[in-house]
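The structure appears below as C-alpha cells.
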2 protein chains.
Amino acid sequence: MRSATLAAMTPERPAPLAKQGRGPSMHDVAARAGVSHQTVSRVLNDFPGIRPETRERVLTAIRELGYRRNMAARALATGRSEVIGVIMPEVPHFGPTSTLYAIEHAAKQVGFKPLITTASWDSESMGEALDFLLGRAVDALVVMAQHPDVLAAVDAITDVPVLFVLTGNSHGARSVAVDQVKGTRLALDHLYSLGHRRFQHVTGIAGLTEAQLRRDTFLAFLDEHGLERLPVLEGDWSADAGYRAGLQVADGVTALFVANDPMAIGAIHALEERGLSVPRDVSVVGFDDVPESAYAHPGLTTVHQDFTEVGLRAVSLVFAAINGKEPDVGEAVEPWLVVRDSTGPVRS
Amino acid sequence: MRSATLAAMTPERPAPLAKQGRGPSMHDVAARAGVSHQTVSRVLNDFPGIRPETRERVLTAIRELGYRRNMAARALATGRSEVIGVIMPEVPHFGPTSTLYAIEHAAKQVGFKPLITTASWDSESMGEALDFLLGRAVDALVVMAQHPDVLAAVDAITDVPVLFVLTGNSHGARSVAVDQVKGTRLALDHLYSLGHRRFQHVTGIAGLTEAQLRRDTFLAFLDEHGLERLPVLEGDWSADAGYRAGLQVADGVTALFVANDPMAIGAIHALEERGLSVPRDVSVVGFDDVPESAYAHPGLTTVHQDFTEVGLRAVSLVFAAINGKEPDVGEAVEPWLVVRDSTGPVRS
DNA sequence: ATCCGCCATGTTGACGATAACATGTTGACG
DNA sequence: CGTCAACATGTTATCGTCAACATGGCGGAT
C-alpha cells in the first residue's frame, strides 16, 4: 500500500453495507424501565413533571443498556440536527483553519458540532457543498467566503440561516469579518511614519476578497501620499511565492508590505540572499501574526487578526439566528499591529 | 459586541426553534412526475429497470421543485449516514490539521464527509465526543490519538469501525501512523554523521505518544552510541516553548534535536540571541517540515511527515471497513529527512 | 390460445424519535 | 363526599426515506 489510492475505491453504487445490528432504542429502554417510550423521551429532553423515582429508573435502564439517542430519528422528527455546516476553502491556510478551531470550540459550548466540507469558489463546487450540507439538515451554515462569487451562489439559500465569515468587508447583516482596510492601513502608516517612501506589495491569490482589499488599500494609500506605484508582486499566500517575490523586489524599495506572514518569511529569505538586510535595507510587514512570526528572523512585524474572535462571533450570530433572535450585529473585528524587528527607520 | 461571549447563549433547554417550513419531499416530486414515491427513490439511487422516459420525468420534477434528499430520513431507514466522525486534538497543530484536510479531501472522493469534534485525552472528554458522534450514526470513526489513554477509551466501541490515526506506533490492525522511531533516527544519524557528539533534545508535550517516542528514541540513541545524557528540555510544541528551551541549551552542545519545527524555530531564535550561530556553533534539526521551514533562517533541516498520505490511508482503511472488506494493512508511513542549512559539520 | 415470467411500477410497513392528544390518579376544596 | 384541576404517564400519528412484497401488462414458449 505504498501511496494509497482512492481510485479503486469508488464503486458505481455504494457497496452493500456490512449490516451492523442497531443498538437499543427507546422502546427497549422503556420496556426495561417499565414505562412508555414517551416517558423515556421526556426524561431525555428534561421535560418537567416526571416523578424523580421514574426518572431514576429510566436513567438506570439507559445506563444498563448503553442506550444512545438516534439523532437521525430525532432530526427527522424535529427538523433540527444540532449540526452546523461549515464550508471552507480547500487549502489549509492559517486564517480559515484558526477560525475553524474557534468555531468548533464555541459551537461545542452551545451543543452544536460542525460538519465540514471544503469548496473552491466556483459555483459548481459551491453547489455540491451546499447540496450536501442542506441535505444533511444542518441547522445553519457558516460559509468562509474567500471570493466575491460565492456570495451570490449562497445568497439563494433560504432554508437555513447562513452566515458569512468573510475575510473582507461585510455582506448584509449576517457576516463576520476582520477589517482588512484598517489592518492594511495600520501596516502602511507604520512604515510611512518610519520615513519610508518607496513601497512595494506582495499580494495574496488574485481575486480573493482578502487579497484584493489589501491590494486596493495599498494602492489607495500610495496615491493618497503621492508615492510611486511600483509593480505589484503577485503571490499565492505560500512561503514559496513570497520567496520568489522577494527575488523581484525593485531596487531602492525600502518598505515591503506582504499580504501574509508565510510569504513575508519567504520574502525576507530572498532579500537576505540578495544581500539586503532586513530591516536595515528593507523593512517588511506581514499579515496574520502566525505564532512563528515572533521567532522568525528577524521577528516579524505584522498585523494581528483575531480569528478566535471571528469564530466566536460566527457561532454567536448563527446561534441567534437558529433561535430566531435578532442578531447582535457588531462592527468588523479590529486587527492590530504587532511591531517586531523586521521594520525600522529608513536609512538616511 | 466587543469580544463576543457565549455564556449568555446557553439556555437550559433549547429555545423553541423558529420553525421553518420543510422543503418538498419525495411525495411531492412523485405527485408532480405522476409516479409513486418509490420510483423517485429508485431514480435517486440509480436502480436499474426504470424506463428512460420515466426517469427523465422524475429528474425534471426534482429540478423544478428544487427537491433535496433528506439524509436524516435516509439515515434512519438505512442505518448509514455517509458521514465519518473525526475526533481531533483541541489544539490546532500542524500534523492533525494537515491530516484533517487530507481526510476531508479523500473522504469527499468516496462520498463521505467528516463530522468533526475535538477532545482532549481524558476519558470524560473522549466519552462526550464518542457519544456525540455515535449518536449521529456516523459510519465510522477516525480518532487522532495523541495519548495512549484514548486507545483504551475508544477500544470499547464496537458499533462502528474505528480507525486510529496515531502519531506513534501502530495499534492493532486498524491504525495509520508515521514511523516516529525511524524519523527520529534519521535526524540523529544525520547529526552523528556530521561529527556531533554532544546532543540535547527539546520535547513535545509530555505524555503524548508522539513526543514520548521521539524522546525515548533520542535517549536510546544516546545510549547506543555511548553519548552523555544531558537534561532533556521540556517543550509543548509551541514556538514560544522552543524559545525558552533554546535559552537553556547547555554549553558545549553542538546538536539540538527539537521535537517539532515551530519549537525549532523558537530555539534557533534563542540561540542566536545568546550569540550562538546556527549551524556554526549548534546544528538544529526539527520535525514535521512545515512549509515555512524551508524559508526559516537558516533553512531548517527537518524530518518530513507525509500527513497527506496519512489522511489518504485513513480514509482508505475506513472505507474498506465500512464495506466490510478486509483492510489492506500497510506498514507505517515513512518519514524522510530534509537537509537544509540549520545543520552542518561539527567545528573541530 | 394459455400460461409463465419478466419488466416497470405501485403499496405497505419499518426505522426511532417527537408532538399532540388521551387517560388515569391524586389531592384540594366547597 | 363529589368534582375538578393538576399531575404523571400512556397512545397514536407523523417525519421522509428505503426495503420487501404485490401488481399489472406484455411477449414468448408451449
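Proteins get letters first, then strands, A, B, ... in listed order; numbering begins at 1 in each.
Atom OG of residue A:Ser120 and atom CD of residue A:Gln146 lie 9.0 Å apart, to the nearest 0.5 angstrom.
Remark: B:Tyr101 engages A:Thr97 in a side chain to side chain donor-acceptor pair (under 3.5 Å) (not counting sequence neighbours). Listed by chain and number, the residues in a side chain to side chain donor-acceptor pair (under 3.5 Å) with B:Lys113 amount to none (sequence neighbours excluded). With sequence neighbours excluded, no residue satisfies ring-ring contact (aromatic ring centres under 6.0 Å, His included) with B:Phe132. Remark: A:Arg42 engages no residue in a side chain to side chain donor-acceptor pair (under 3.5 Å) (not counting sequence neighbours). Among residues two or more places apart in sequence or in another chain, the salt bridge (charged side-chain N to carboxylate O under 4.0 Å, His left out) test is passed with B:Glu124 by none. Not counting sequence neighbours, the partners of A:Pro24 by the side-chain contact (heavy atoms from CB on, under 4.5 Å) test are A:Asp28, A:Leu65, A:Tyr67.
In secondary-structure terms, DNA chain C builds stems of at least 3 consecutive Watson-Crick or G-U pairs, each pair having both distances under 3.5 Å, at C:1-30 with D:1-30.
Straight-line distance from the CZ atom of A:Phe47 to the C1' atom of D:dG10: 15 Å, rounded to whole Å. Rounded to an integer number of Å, the gap from B:Asp28 CG to D:dC15 C1' is 13 Å. Between A:Arg80 atom CZ and D:dG16 atom C1' the separation is 19 Å, expressed in whole Å.
A salt bridge is absent between A:Lys108 and B:Glu128; no separation between the charged side-chain nitrogens and carboxylate oxygens falls under 4.0 Å.
Heavy-atom distances under 4.0 Å link DNA chain C to B:Arg51, B:Thr54 of residues 51-63 of chain B, given in residue order.
Residue B:Ile50 is classed as a sugar-phosphate contact, given heavy-atom separations below 4.0 Å to backbone atoms only.
Here the side chain of A:Ser316 pairs no donor or acceptor atom with the backbone of A:Leu312 at under 3.5 angstrom.
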Set out, line by line, the N/O atom pairs under 3.5 Å between protein and nucleotides 4-7 of chain C.
none

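Under the salt bridge (Lys or Arg N to Asp or Glu O under 4.0 Å) criterion, the residue pairs touching residues 61-73 of chain A are A:Arg32-A:Glu64, A:Glu56-A:Arg63, A:Arg68-B:Asp131, A:Arg68-B:Asp159, with sequence neighbours excluded.
In this structure, B:Ser175 and B:Leu317 approach most closely via the heavy-atom pair O-CD1, 4.0 Å. The two residues B:Ala107 and B:Ile84 come nearest to each other via the heavy atoms CB-CD1, 4.3 Å.
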Only distances under 3.5 Å count here; give the side-chain donor-acceptor pairs of residues 33-40 of chain A to other protein atoms, sequence neighbours excluded, each with its distance to 0.1 Å.
| unit_1 | atom_1 | unit_2 | atom_2 | d |
| --- | --- | --- | --- | --- |
| A:Ser36 | OG | A:Gln38 | N | 3.4 |
| A:Ser36 | OG | A:Thr39 | N | 3.4 |
| A:Ser36 | OG | A:Thr39 | OG1 | 3.4 |

Sequence-aligned protein contact record of nucleotides 10-16 of chain C, with B where the base is within under 4.0 Å of a protein heavy atom and S where only the sugar-phosphate is: BBB--BB
